[in-house]
Amino acid sequence: QVQLVESGGGLVQPGASLRLSCAASGRTLSNYYMGWFRRNPGKEREFVAAINRNGGSISYADSVKGRFTISRDNAKNTVDLQMNSLKPEDTAVYLCAATSNYGLFSRTYNYQYWGQGTQVTVSS
């Protein structure tokens, strides 16, 4: 069992940056592919980014490409999401997820473990 806890969310103005972190406990995170998703009320979880076990392969949603960067530190058992040039449409609860399957998955059903999420609000 992997427990995931996100942190780093907050209220920022458009154009600002935030860095989210996902800390894992229970299992070594290096055994898992990781993903970040976001969710708004009444909507499905939306894929944001995914990273393979050693950080050498990454995938992004088109909506965040060039602005967001996913990274991981297996020694610290963490996965981060650096978000730059934030827009109001980036407002959401951001969740990290872990999968023991092989692949940079954008579909939620591929992930076995989820955190509770951290709120990001982008507003002037």
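Computed over heavy atoms, backbone and side chain alike; hydrogens, waters and symmetry mates excluded.
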Colleague: Establish whether Leu11 and Leu18 are linked, either directly or via other cluster members, by ILVMFWY side-chain heavy-atom contacts under 4.5 Å.
Modeller: no
Colleague: State, yes or no, whether a side-chain contact exists between Ser106 and Ser59 at a heavy-atom distance under 4.5 Å.
Modeller: no
Colleague: Let me check something: do Met34 and Leu95 share a hydrophobic cluster, defined by ILVMFWY side-chain heavy atoms less than 4.5 Å apart, either directly or through other members?
Modeller: no
Colleague: According to side-chain hydrogen bond (donor to acceptor under 3.5 Å, both in side chains), who are the partners of Asn52, at least two apart in sequence or on a separate chain?
Modeller: Asn54
Colleague: Out of curiosity, Ile51 CD1 to Ser71 OG, how far, rounded to the nearest 0.5 Å?
Modeller: 6.0 Å
Colleague: Side-chain heavy atoms nearer than 4.5 Å, only ILVMFWY residues, links allowed to pass through others: does that put Leu20 and Leu4 together?
Modeller: yes
Colleague: For the hydrophobic clusters of this structure (ILVMFWY residues joined by side-chain heavy atoms under 4.5 Å, transitively), does one cluster hold both Val48 and Val12?
Modeller: yes
Colleague: Not counting sequence neighbours, which residues clear side-chain hydrogen bond (donor to acceptor under 3.5 Å, both in side chains) with Ser7? List them please.
Modeller: none
Colleague: Tell me every residue that passes side chain to side chain contact (heavy atoms under 4.5 Å, CB included) with Ala61, counting only those two or more places apart in sequence or in another chain.
Modeller: Phe47, Ser63, Val64
Colleague: Give me each pair satisfying salt bridge (Lys or Arg N to Asp or Glu O under 4.0 Å) with a member in residues 99-112, each pair once, sequence neighbours excluded.
Modeller: none
Colleague: Can you pull the salt bridge (Lys or Arg N to Asp or Glu O under 4.0 Å) pairs that have at least one residue in residues 4-20, sequence neighbours excluded?
Modeller: Arg19-Asp80
Colleague: What closest approach, in Å, do Ser17 and Ser85 show between heavy atoms, and which atom pair accounts for it?
Modeller: OG-N, 4.3 Å
Colleague: Would you sort out whether Cys96 and Val79 count as a side chain to side chain contact (heavy atoms under 4.5 Å, CB included), showing the intermediate values?
Modeller: CA-CA 8 Å; Cys96 69; Val79 176; 5.9 Å; no
Colleague: With sequence neighbours excluded, give me every salt bridge (Lys or Arg N to Asp or Glu O under 4.0 Å) pair touching residues 113-124.
Modeller: none
Colleague: According to a 4.5 Å side-chain heavy-atom criterion applied to Ile, Leu, Val, Met, Phe, Trp and Tyr, with indirect links allowed, do Tyr111 and Tyr60 form part of one hydrophobic cluster?
Modeller: no
Colleague: Going by the rule side-chain hydrogen bond (donor to acceptor under 3.5 Å, both in side chains), which residues pair with Asn77 if we only count those two or more places apart in sequence or in a different chain?
Modeller: none
Colleague: Is there any side-chain hydrogen bond (donor to acceptor under 3.5 Å, both in side chains) pair reaching into residues 87-98, and which pairs are they, with sequence neighbours excluded?
Modeller: Arg38-Asp90, Arg38-Tyr94, Arg67-Asp90
Colleague: Mind checking what makes side-chain hydrogen bond (donor to acceptor under 3.5 Å, both in side chains) contact with Ser100, not counting sequence neighbours?
Modeller: Gln112
Colleague: Side-chain polar contacts of residues 26-33 - donor-acceptor pairs under 3.5 angstrom, sequence neighbours left out - could you list them?
Modeller:
none

Colleague: Any salt bridge (Lys or Arg N to Asp or Glu O under 4.0 Å) involving residues 53-66? Give me the pairs, sequence neighbours left out, ordered by first then second residue.
Modeller: Asp62-Lys65
Colleague: Rounded to the nearest 0.5 Å, what's the gap from CG on Leu81 to OG1 on Thr69? Could you check?
Modeller: 8.0 Å
Colleague: Please find the pair of heavy atoms, one from Asn101 and one from Thr99, that lie closest to each other, and give the distance.
Modeller: N-OG1, 3.0 Å
Colleague: What pair of heavy atoms forms the shortest contact from Asn40 to Ala92, and how long is it?
Modeller: OD1-CA, 3.5 Å
Colleague: Determine, using ring centers only, whether Trp36 and Phe68 are less than 6.0 Å apart.
Modeller: no
Colleague: For Gln1, check side chain to side chain contact (heavy atoms under 4.5 Å, CB included) against everything at least two apart and list the hits.
Modeller: Gln3, Tyr113
Colleague: Please find the pair of heavy atoms, one from Gly8 and one from Thr118, that lie closest to each other, and give the distance.
Modeller: N-OG1, 4.1 Å
